[in-house]
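In what follows, every chain begins at residue 1, and chains take the letters A, B, ... in the order their sequences are listed. Keep in mind that the numbers below use all heavy atoms, side chains included, and drop hydrogens, waters and symmetry copies.
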Amino acid sequence: MRQSSIAAVSAEPASSNLERNAVDVLPAGMLEDQLATGRPLRVKLGIDPTTPDIHLGHTVVLEKLREFQEAGHRVVLIVGDFTARVGDPSGRSAQRPLPTPEEIEVNAATYQEQAFKVLDRDRTEVRFNSEWLRMAPEELLGLLAQTTVARLIERDDFQKRLAAGAPIAALELLYPLLQGYDSVAVEADVELGGTDQKFNLLFGRDVQSAYGQKPQSVLTMPILVGIDGVRKMSKSLGNYVGVTDEPGEMFGKTMRVPDTAMPDYYRLVLGSEPPQGMAPNEAKRALARGIVERFHDAAAARGAEEHFNRLFVERQAPEDVEEAGLGPYLGNGGETVHLPRLMSDLFGISSSEARRLIEQGGVKLDGEALPSGSLDMPQMALDGRVLQVGKRRFRRLRAAA
RNA sequence: GGGGGAGUGUCCGAGUGGUUAAAGGAGAUGCGCUGUAAACGCAUUGGCUCUGCCUACGCAGGUUCGAAUCCUGCCUCCCCCA
């Protein structure tokens with residue numbers, strides 16, 4: 001059901017460069033008129049710091065903001081430290097647990113830093129919306145008086161929930177009003193967001209009107225699918241590539257993207273057309289290199305690919321493997337090591353899971369699978385060898401001194 | 001204020017007294033294969049001092065030889081009427 005909102009990117013050339021890849025630019029013609037005035041526009045984006053990291057899904061909109069900056073406009077980045085405590089109902093079929101104030105504070109700090117991996121700091125104004133949303137109750141009543149319940153629940157997310165008999169928290173109803181008030185507070189000319197933000201963005205126009213401002217225009221960008229190739233990229237689904245992920249991790253996660261989702265990644269993350277006539281494997285490698293280069297650098301991209309080849313093509317252990325002493329795991333009077341306990345300690349898996357992995361041939365010593373039932377191994381047979389658990393977990397073992 | 005209904009493993013979701021660690025699906029993991037951590041196929045998927053033991057079906061008690069399934073209280077949520 002959420003799939004329908006993950007719009008495929010049109011390859012058609014847009015009328016304006018800034019409208020490239022956009023799904024909606026509303027109201028029709030307004031942005032063009034605004035641009036035609038030659039006046040620098042105030043372009044707003046709000047991000048609620050509900051999770052600690054920005055991922056590639058966020059960068060789709062950030063890249064678009066960057067283009068506005070390059071065209072001479074000013075970006076107003078709103079860190080939704082207040083709205084994070086309300087919870088954006090966009091695209092949700094149930095209310096999600098809200099982050100604590102402490103989490104919000106921590107996330108807000110990392111968000112700004114990470115956003116500047118894409119945005120030009122000098123042309124960005126960062127504002128926290130608690131600045132104006134922590135308003136007097138009388139003012140809040142004034143804001144609430146600007147709309148009706150019918151208007152608030154007409155959004156698709158709520159209609160679906162109502163039809164399914166799912167709960168809608170009263171708090172969630174407030175969200176579009178607050179986000180709209182952000183636009184009033186910063187006097188936004190344009191607001192950007194993902195397609196799932198369409199309702200909120202348009203609602204902001206009404207709020208601005210109610211406060212005697214000229215309503216903003218609205219531009220929505222496609223939602224990037226996660227590395228599962230199906231659902232929206234999101235931290236909570238675990239299908240994301242974070243902008244601060246290590247190069248090797250970033251490369252590997254990108255290689256995991258299904259071939260079918262590659263064109264979207266090319267267009268939305270790298271801003272280029274997918275290469276024609278290239279073998280899928282090569283095309284994906286080029287994509288992965290491009291992404292690592294974008295968020296780290298060229299050397300990191302090369303290193304990440306080498307690392308990838310080593311692990312997944314040559315099936316070898318990485319160059320530098322972390323060491324682990326066997327001392328704490330000795331049993332039988334210091335003779336043997338109980339592998340499940342060792343593995344559970346080193347890799348944070350349960351010892352039952354470790355046993356299963358051994359049974360299934362997923363545990364290797366210097367590249368050779370351990371026979372099933374290898375639960376206790378003599379310490380001397382392990383010393384100096386590389387223990388591999390699954391595809392990606394390695395440790396070089398050292399006997400106790 | 002009144003009436004009705006629901007809470008199951010990471011998630012969704014069967015199961016209404018007896019081989020039930022609990023169908024099925026998703027996700028995840030492992031193996032095989034390979035052009036990739038793609039796709040496809042197979043397998044695994046509560047924990048542990050592991051041929052056995054412990055814990056588990058919202059929480060706390062109770063009935064019973066035996067309960068996720070019955071009873072009581074509590075908590076949370078949903079719907080309808082007002």
Side-chain angles (χ1 to χ4, degrees), chain A residues 1-3 92-97 158 160-170 225-232 234-241 245-266 274-275 277-292 304-316 318 329-332 336-345 347-364 367-376 388-394:
Chain A
M1 21 135 217
R2 295 276 309 120
Q3 250 169 298
R92 305 207 175 285
S93 56
Q95 191 183 21
R96 213 172 46 170
F158 287 166
K160 281 181 182 151
R161 284 207 236 170
L162 286 170
I168 297 171
V225 292
I227 57 178
D228 57 2
V230 179
R231 297 169 300 174
K232 170 185 175 178
S234 95
K235 171 88 173 178
S236 57
L237 292 175
N239 61 356
Y240 70 103
V241 180
D245 279 354
E246 293 303 312
E249 191 73 5
M250 201 175 255
F251 193 97
K253 281 183 179 177
T254 305
M255 290 305 286
R256 192 166 165 176
V257 170
D259 293 356
T260 50
M262 252 202 289
D264 275 1
Y265 273 69
Y266 264 101
M278 194 186 275
N281 183 23
E282 269 316 306
K284 200 178 292 177
R285 281 169 177 273
L287 173 70
R289 277 196 302 272
I291 290 174
V292 177
E305 185 165 20
E306 281 165 24
H307 181 259
F308 182 86
N309 286 337
R310 197 177 164 93
L311 257 62
F312 301 106
V313 180
E314 297 158 30
R315 308 268 178 160
Q316 293 182 5
Y329 310 103
L330 294 176
N332 263 346
T336 63
V337 173
H338 190 59
L339 287 178
R341 192 149 65 91
L342 171 80
M343 287 158 62
S344 128
D345 250 41
F347 306 113
I349 60 180
S350 73
S351 67
S352 295
E353 188 177 357
R355 281 165 188 272
R356 275 184 237 121
L357 285 168
I358 293 173
E359 277 319 293
Q360 294 171 130
V363 179
K364 295 173 184 162
E368 204 160 319
L370 290 175
S372 66
S374 313
L375 300 179
D376 295 279
Q388 176 180 3
V389 177
K391 289 187 176 73
R392 290 181 280 155
R393 288 170 290 213
F394 297 89

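- With hydrogens and angles ignored, a donor-acceptor pair closer than 3.5 Å exists between the side chain of A:D259 and the base of B:rG35.
- Contacts of A:R393 classified as salt bridge (charged side-chain N to carboxylate O under 4.0 Å, His left out), with partners at least two apart in sequence or in another chain: none.
- Taking atom P in both B:rU20 and B:rU45, the straight-line distance is 15 Å, to the nearest Å.
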Would you give a per-nucleotide map of nucleotides 75-82 of chain B, 5' to 3', where B means the base has a protein non-hydrogen atom under 4.0 Å away, S means only the sugar-phosphate does, and - means neither? ---S----
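- Legend: residues meeting ring pair (Phe, Tyr, Trp, His ring centres under 6.0 Å) with A:Y265, ordered by chain and number and at least two apart, are absent.
- Listed by chain and number, the residues in a ring pair (Phe, Tyr, Trp, His ring centres under 6.0 Å) with A:F347 amount to none (sequence neighbours excluded).
- Partners of A:R315 according to the salt bridge (charged side-chain N to carboxylate O under 4.0 Å, His left out) rule, which considers only residues two or more places apart in sequence or in another chain, do not exist here.
- When distances are taken from the side chain of A:R341 to each of B:rU49, B:rG47, B:rG27, the shortest belongs to B:rU49.
- Nucleic acid contact class of A:S350 (heavy atoms, under 4.0 Å, all strands): sugar-phosphate only.
- In this structure A:E305 satisfies the side-chain hydrogen bond (donor to acceptor under 3.5 Å, both in side chains) test together with A:R285, A:R289, sequence neighbours excluded.
- Within 4.0 Å of A:P258, counting heavy atoms only, lie sugar-phosphate atoms of the nucleic acid but no base atom.
- Straight-line distance between the C1' atoms of B:rG27 and B:rC12: roughly 10 Å, to the nearest whole Å.
- Between A:S351 and the phosphate of B:rU49, there is a side-chain N or O to OP1/OP2 separation shorter than 4.0 Å.
- Counting only heavy atoms from C-beta on, A:R355 has its side chain closest to B:rC50 among B:rU36, B:rC50, B:rA37.
- For A:R356, the side-chain hydrogen bond (donor to acceptor under 3.5 Å, both in side chains) criterion is met by no residue, not counting sequence neighbours.
- Residues A:F394 and A:Q316 come closest through the heavy atom pair CZ-O, 4.2 Å.
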What dot-bracket string describes RNA chain B from 5' to 3', counting Watson-Crick and G-U wobble pairs whose defining distances are under 3.5 Å, with [ ] for crossing pairs and | for pairs to another strand? ((((((((.[[[..)..(.....]]]((((((.......))))))(((...)))...[[[[[..)....]]]]]))))))).
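- The shortest distance between the side-chain N/O atoms of A:N281 and the OP1/OP2 oxygens of B:rG35 is not below 4.0 Å.
- For residues 245-260 of chain A, every residue pair satisfying the side chain to side chain donor-acceptor pair (under 3.5 Å) rule, not counting sequence neighbours, is listed here: A:D245-A:K253, A:D259-A:K284.
- Base contact: A:F308 has a heavy atom under 4.0 Å from a base atom.
- Atom CG in A:L287 sits roughly 16 Å away from atom P in B:rA37 (whole-Å rounding).
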Could you write out each protein N or O paired with an N or O of nucleotides 29-33 of chain B at a distance under 3.5 Å?
| from | atom 1 | to | atom 2 | distance (Å) |
| --- | --- | --- | --- | --- |
| B:rU29 | OP2 | A:R256 | NH2 | 3.3 |
| B:rG30 | OP1 | A:K391 | N | 3.0 |
| B:rG30 | O2' | A:Q360 | O | 3.3 |

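- In this view, A:L370 and A:L339, A:V363, A:L365, A:S374, A:M377 satisfy the side chain to side chain contact (heavy atoms under 4.5 Å, CB included) rule, not counting sequence neighbours.
- Taking A:H338 as the reference, A:P340, A:R341, A:R355, A:L375, A:D376 meet the side chain to side chain contact (heavy atoms under 4.5 Å, CB included) condition, with sequence neighbours excluded.
- For the pair A:L330 CG and B:rU49 C1', the computed distance is 16 Å after rounding to whole Å.
- Contact annotation for A:G248: base contact, defined as any heavy-atom pair under 4.0 Å involving a base atom.
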